[in-house]
K.L.:
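This is the structure I have questions about; it appears just below.
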Amino acid sequence: MTLDDLSLGQRAKVLEIAGDDSITARIMEMGLTPGCETCLIGTAPLGDPIEIQVRNYRLSLRKSEAARISIELID
């Protein structure tokens, strides 16, 4: 499952970030690293970008970027 599959309000733990390019590096610099928890808190009217809560701040990501992030749901 990837981050772009989350439904509003669902919580997840980041497992890995696919790729080895500047986008992957930038995602990790913004605080999305393996092991951190996140929650989907909103989406734009057409569904892209999405807004997540991570490390006590809000972050907006394109769905194409979120699709690189493998997650595990948290109950």
Side-chain angles (χ1 to χ4, degrees):
M1 181 175 210
T2 58
L3 189 58
D4 65 322
D5 295 324
L6 279 182
S7 297
L8 198 60
Q10 280 188 310
R11 297 172 42 89
K13 181 173 84 171
V14 175
L15 298 177
E16 71 175 333
I17 302 168
D20 189 25
D21 58 8
S22 62
I23 294 172
T24 301
R26 182 68 180 138
I27 289 170
M28 293 180 74
E29 288 170 356
M30 291 187 288
L32 277 168
T33 56
C36 76
E37 293 183 11
T38 187
C39 177
L40 181 65
I41 56 175
T43 61
L46 297 177
D48 195 13
I50 63 170
E51 185 176 15
I52 60 171
Q53 177 85 28
V54 61
R55 300 184 190 270
N56 295 322
Y57 73 95
R58 293 177 174 205
L59 175 65
S60 292
L61 291 173
R62 293 181 185 103
K63 288 196 92 159
S64 61
E65 296 166 343
R68 294 175 171 232
I69 304 167
S70 296
I71 58 166
E72 176 181 72
L73 290 179
I74 299 173
D75 294 327

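Residue indices begin at 1 and follow the sequence shown.
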K.L.:
Could you grab the distance from atom CZ of R26 to atom CD1 of I17, nearest 0.5 Å is fine?
P.N.:
12.5 Å
K.L.:
If hydrophobic clusters are built from ILVMFWY residues whose side chains come within less than 4.5 Å, do I71 and I74 share one?
P.N.:
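Looking at the clustering, I74 is in a separate group from I71.
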K.L.:
Calculate, to the nearest 0.5 Å, the distance between atoms CG and CG belonging to L73 and D75 respectively.
P.N.:
7.5 Å
K.L.:
Quick check for you: to the nearest 0.5 Å, what is the distance between I52 atom CD1 and L61 atom CG?
P.N.:
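So the gap between those two atoms works out to 5.0 Å.
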K.L.:
Out of curiosity, does L3 fall in the hydrophobic cluster containing I23 (side-chain heavy atoms, cut-off under 4.5 Å, transitive links)?
P.N.:
yes
K.L.:
In the single-linkage hydrophobic clustering (I, L, V, M, F, W, Y; side-chain heavy atoms under 4.5 Å), do I50 and M1 co-cluster?
P.N.:
yes
K.L.:
Flag the pair R68 / D21 as yes when at least one side-chain heavy-atom distance between them is below 4.5 Å, and no otherwise.
P.N.:
yes
K.L.:
If you measure from NZ on K63 to CG on D5, what distance do you get to the nearest 0.5 Å?
P.N.:
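Rounded to the nearest 0.5 Å, the NZ-CG separation comes to 7.5 Å.
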K.L.:
Please give me the minimum heavy-atom distance between L40 and S7, naming the atom from each residue.
P.N.:
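Heavy atoms only, the tightest pair is CD2-C, 3.5 Å.
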K.L.:
Give, for atom CZ of R58 and atom CD of Q53, the distance between the pair rounded to the nearest 0.5 Å.
P.N.:
6.0 Å
K.L.:
Indicate if L15 and L59 have the same hydrophobic cluster label, given that clusters are the connected sets of ILVMFWY residues with side-chain heavy-atom separations under 4.5 angstrom.
P.N.:
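Hydrophobic grouping puts L15 apart from L59.
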K.L.:
Rounded to the nearest 0.5 Å, what separation is found between the CZ atom of R11 and the SG atom of C39?
P.N.:
6.5 Å
K.L.:
What pair of heavy atoms forms the shortest contact from E16 to P34, and how long is it?
P.N.:
CA-CG, 4.4 Å
K.L.:
For side chain to side chain contact (heavy atoms under 4.5 Å, CB included), just list the numbers for V14 and M28, CA-CA rounded to whole Å, side-chain angles, deciding distance to a tenth of an Å, and then say yes or no.
P.N.:
CA-CA 11 Å; V14 175; M28 293 180 74; over 6 Å; no
K.L.:
Tell me, do T2 and I69 make a side-chain contact under 4.5 Å, heavy atoms counted?
P.N.:
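The answer is no; the side chains never approach within 4.5 Å.
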K.L.:
Kindly work out whether a path of hydrophobic side-chain contacts (I/L/V/M/F/W/Y, heavy atoms less than 4.5 Å apart) joins L6 to I41.
P.N.:
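No, separate clusters.
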